[in-house]
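The structure appears right after this line, and notes come after that.
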Protein chains: 2
Amino acid sequence: MTKPLAKSAISQKRVLDAAARIFRDYGYAGATMRVIAEEAGLKAGSLYYHYKSKDELISAVLDLGMNAAIEAMQTALAALPAEATGRQRLEVAFRTHVATIIANGDYSLATSRVYGQVPEAIRIQHQKLRDPYGLMWREILTTAQKRGEFRADANLTLARLLILGALNWTAEWFKPGSRSIDDVASGFAAIVMDGLAVPGGGSSG
Amino acid sequence: MTKPLAKSAISQKRVLDAAARIFRDYGYAGATMRVIAEEAGLKAGSLYYHYKSKDELISAVLDLGMNAAIEAMQTALAALPAEATGRQRLEVAFRTHVATIIANGDYSLATSRVYGQVPEAIRIQHQKLRDPYGLMWREILTTAQKRGEFRADANLTLARLLILGALNWTAEWFKPGSRSIDDVASGFAAIVMDGLAVPGGGSSG
DNA sequence: GTCTATAGCACGATAGAC
DNA sequence: GTCTATCGTGCTATAGAC
C-alpha cells in the first residue's frame with residue numbers, strides 16, 4: 001500500500017529517515033536538530049519548515065514504524081487461506097513481524113530505544129497505535145487454543161509477552177548476510193510451537 | 001555476597017541509585033547532572049566529589065546491573081545438585097535472571113534503554129562484562145543438548161537469543177502484585193521447553 | 001524551501017568558601 | 001563532603017533575507 005510520494009514530500013521523508021537514524025544513535029534528548037539536519041543535508045533552521053518542533057519529529061518517527069508493522073501484518077494475515085492452521089498463522093505472523101522490523105530497522109531501533117524517554121504526552125498518543133497491534137497477536141493465539149491446536153493450559157498472555165519480547169529484540173542483533181530473516185522467524189516459531197525438549201523425555205510439571 | 005557499605009560509600013550509593021532512575025527516565029543525554037543531584041538530595045557540584053564525570057557515573061550504573069546478574073547466576077547454578085537435569089538448570093536460570101532484573105529494576109531498565117546511546121568507549125568497556133554472561137547461557141543449552149535432553153536439531157544460538165530477548169523485556173512490563181516472578185519464569189520455561197502446540201497434533205517441519 | 005544570525009536558556013564541569 | 005557561583009559551550013526555536 002506504499003504509494004509514490006508527492007515531490008513536496010520527498011525532502012520531508014529524507015528528514016524523517018535522518019531523524020530516525022539520529023534518534024536511534026543518540027536518544028531523544030541527545031539527538032540535536034543540528035545533527036539531524038546535517039544527516040538530511042540541510043541546515044538546522046530548515047527543519048522547521050517540515051516539522052514545527054522536535055516533538056513533532058519524534059512523534060512522526062514513532063508512528064511510521066508502528067503503522068508499517070500494522071499494515072504489513074493485516075496484509076499478510078488477510079492473504080492466508082481461510083483454512084490455515086494456528087501453526088501456519090503464527091509462523092506467518094513471526095515472519096511478517098521480523099521482516100517489518102528489519103526492513104524499517106532505523107525506525108524500529110529508534111522506537112524501542114527512545115520510547116521510554118519521550119515526553120509523556122507523546123508516549124500516550126503513540127500507545128493508541130500499539131494497542132490494536134497487541135490485539136492482533138492475542139487473537140491469533142486464542143483462536144488456535146479454542147480450536148484445540150494449542151495446549152488448553154498454556155498461558156497465552158505470557159506467550160504473547162515472550163514472543164513480542166524475543167521478536168522485537170531481533171532489531172538489535174540481526175545482521176543481514178549470515179542468517180536470513182526467514183531462518184530466524186521459522187527457528188523462533190519452531191521453539192515456541194514445539195519446545196526445545198525431546199518429546200516425552202521427562203516430566204513437564 | 002552483598003557486604004555492608006562503609007559509611008563513606010553510603011552517599012555514593014545514593015547518588016548511583018538516583019542516577020539509575022534518572023538515566024532510565026531521560027536517557028543518557030537527557031539525564032542532567034542537576035536533576036540527578038536533586039534526586040539524590042544534593043546540589044549539582046557535589047556529584048563531582050563522588051564521580052568525576054557524567055561518563056564515569058553511567059559506567060558505574062551499567063556495570064552494577066551486569067555484575068549483579070552474573071553473581072546471582074553463578075550462585076544459583078552452583079547451588080544445584082550435580083545430577084540436576086537440563087530442564088531444571090534452565091528453569092533455575094530463568095528464575096534467577098528475571099528475579100535479578102526485577103530486583104535491580106532501575107538499573108536494568110537504565111541499562112537496556114541507554115546502552116545503545118552511550119559513547120562508544122563506554123559501550124566497548126561494558127561489553128566485556130556481558131560476554132561471559134552469554135557464555136553461561138550457551139553452556140546450559142549445549143550441555144542439555146549433548147546429554148540428549150534437548151532436540152538434536154534445535155538451533156541453540158537462536159534459542160539463546162529468543163530467551164534473553166524475552167527475559168530482558170520483562171523489566172519493561174512486569175509489575176509486582178498481579179503475577180509473581182516465579183510464575184513468569186516457570187511459564188516462560190514451560191513454553192520454551194515444551195512449546196505451545198498440542199503434542200503430536202501436526203507436522204513440525 | 002533553504003539559508004544566516006541570534007535570542008534565551010540549560011548544559012557539564014570547575015574553583016574556592018565553609 | 002557539600003555548598004554557591006560561574007565559565008564556556010551548545011541547545012531549541014524564531015526572524016527575516018533570498
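Sequence lines set the chain letters: A, B, ... in the order given, protein chains first and strands last, and positions in each chain run from 1. Below, all heavy atoms of this structure are taken into account, side chains as well, without hydrogens, waters or symmetry copies.
For the atom pair B:Leu158 CG and B:Ile163 CD1, the distance stands at 11.0 Å (nearest 0.5 Å). Annotation: the span from A:His50 atom NE2 to A:Glu56 atom CD amounts to 12.0 Å, rounded to 0.5 Å.
Between B:Trp137 and B:Phe94, the ring planes are tilted. Angles from 30° to 60° get that label.
Applying the 4.0 Å criterion to OP1 and OP2 of C:dG1, one finds that A:Ser46 has every side-chain N and O outside that range. A sub-4.0 Å separation between OP1 or OP2 of D:dG1 and a side-chain N or O of B:Tyr49 is present.
Remark: C1' of D:dG1 and CD1 of B:Ile10 are 14 Å apart, rounded to the nearest angstrom. Going from atom OH of B:Tyr51 over to atom P of D:dG1 covers 13 Å, rounded to whole Å. Going from atom NZ of B:Lys43 over to atom P of D:dC3 covers 7 Å, rounded to whole Å.
Of all nucleotides listed (D:dC3, D:dT2, C:dC11), D:dT2 comes nearest to the side chain of B:His50.
Using a 4.0 Å heavy-atom cutoff across all strands shown, B:Ala31 reaches sugar-phosphate atoms only and no base atom.
Under a 4.0 Å N-O distance rule, the pair B:Arg113/B:Glu172 qualifies as a salt bridge. Ion pair A:Arg21/A:Asp17 not flagged as a salt bridge, since none of the NZ, NE, NH1 or NH2 atoms sits closer than 4.0 Å to an Asp/Glu carboxylate oxygen.
With hydrogens and angles left out, the side-chain atoms of B:Tyr107 and B:Asp63 include no donor and acceptor closer than 3.5 Å.
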_Generate the contact string for nucleotides 13-18 of chain C. Rules: B means base contact, S means sugar-phosphate contact only, - means no protein heavy atom under 4.0 Å._
BB----
